[in-house]
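Worksheet for the structure shown next.
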Amino acid sequence: MRLSCKTILAGLSASLLWAAMAQAQSATPVPENAAFEVEQVFAGTCGFCHSDGGRAAGKGPQLMNSPRDDDYIRSRIKHGKQGAMPAFDGAFTDAQIDQMVKYIRALKPRDG
Ligand code: HEC
């Protein structure tokens, strides 16, 4: 079967997006008792869309100084948002997600 160029291009950009999503979702099956390095995990898993450790907007909004409450943040991380952000409730435990909420709350500009 011959694929048209257009089909290939459409397929390619869809699979690029998929690769990014899949990478975001599978990056962190952290072993149960391993230290959870939240800053590193954030950089590797979320940094693709939330730039500079969450300090700046990227594909996703800036998280530093978020006006949202903790429940909103926790729920966004767990459930993601259709077409915008993957859900992470399978990738992280509740305790790990709590640490990410704390990390986001504690974010400060890098240069004081
Ligand atoms: C594929 C890109 C992508 C990845 C990866 C991603 N996000 Fe997001 N995130 C978004 C987008 C886009 C939004 C805005 C969604 C909306 O409209 O509410 C968002 C919104 C959020 C919000 C809500 C911010 C607000 O003010 O509404 C939080 C908190 C958040 N992300 C945290 C995280 C964390 C933590 C991770 C990593 C575990 C992560 N995100 C990974 C794209 C991403």
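Just so you know, ligand 1 is whichever comes first in the structure, and atom 1 is the first atom listed for that ligand. Note that the numbering runs from 1 along the sequence shown for the chain.
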Exercise for the section: Could you name the option among Lys81, Gln62, Gln96 that has the heavy atom nearest to atom 17 (O) of ligand 1? Expected result: Lys81

Practice task
State, yes or no, whether a side-chain contact exists between Phe92 and Thr45 at a heavy-atom distance under 4.5 Å.
Solution key: yes

Handout entry: Numbered atoms of ligand 1 (with element) below 4.0 Å of Thr45, judged on heavy atoms
Key = 5 (C)

Fill in the blank from the handout: Pro61 heavy atoms within 4.0 Å reach ligand 1 at atoms 11 (C), 13 (C), 14 (C), 19 (C), 20 (C), 24 (C)

Fill in the blank from the handout: side chain to side chain contact (heavy atoms under 4.5 Å, CB included) filter on Arg76, not counting sequence neighbours, yields Tyr72, Lys81, Met85

Handout entry: Residue pairs passing the side chain to side chain donor-acceptor pair (under 3.5 Å) test where at least one lies in residues 46-58, sequence neighbours excluded
Key = Asp52-Arg110

Handout entry: Atom indices of ligand 1, in the order listed, that fall short of 4.0 Å to a heavy atom of Phe92
Key = 38 (C)

Problem - Angle subtended at atom 8 (Fe) of ligand 1 by SD of Met85 and NE2 of His50, nearest 10° - result: 170°

Problem - Approximate separation, where rounding is to 0.5 Å, of His79 NE2 and Arg74 CZ - result: 10.5 Å

Exercise for the section: Just let me know how Ala91 lines up against ligand 1, side chain, backbone, both or neither, with a heavy-atom cut-off below 4.0 Å. Expected result: neither

Completion exercise
Value for OH (Tyr103) from CD1 (Ile73), rounded to nearest 0.5 Å, stands at 12.5 Å

Problem - Enumerated ligand 1 atoms positioned under 4.0 Å from heavy atoms of Phe42 - result: 35 (C)

Fill in the blank from the handout: For Ile77, the atoms of ligand 1 under 4.0 Å from one of its heavy atoms are 32 (C), 35 (C)

Practice task
Please state which part of Val41 comes within less than 4.0 Å of ligand 1, counting heavy atoms only: side chain, backbone, both or neither.
Solution key: neither

Problem - Atom indices of ligand 1 within 4.0 angstrom of Ile73 heavy atoms, with elements - result: 29 (C)

Completion exercise
Under 4.0 Å from one or more heavy atoms of Pro86, ligand 1 contributes atoms 1 (C), 3 (C), 4 (C)

Handout entry: Flag side-chain contact, heavy atom, 4.5 Å: Leu107 against Phe42
Key = no

Completion exercise
Numbered in order shown, the ligand 1 atoms found under 4.0 Å of a heavy atom of Lys59 are 12 (C)

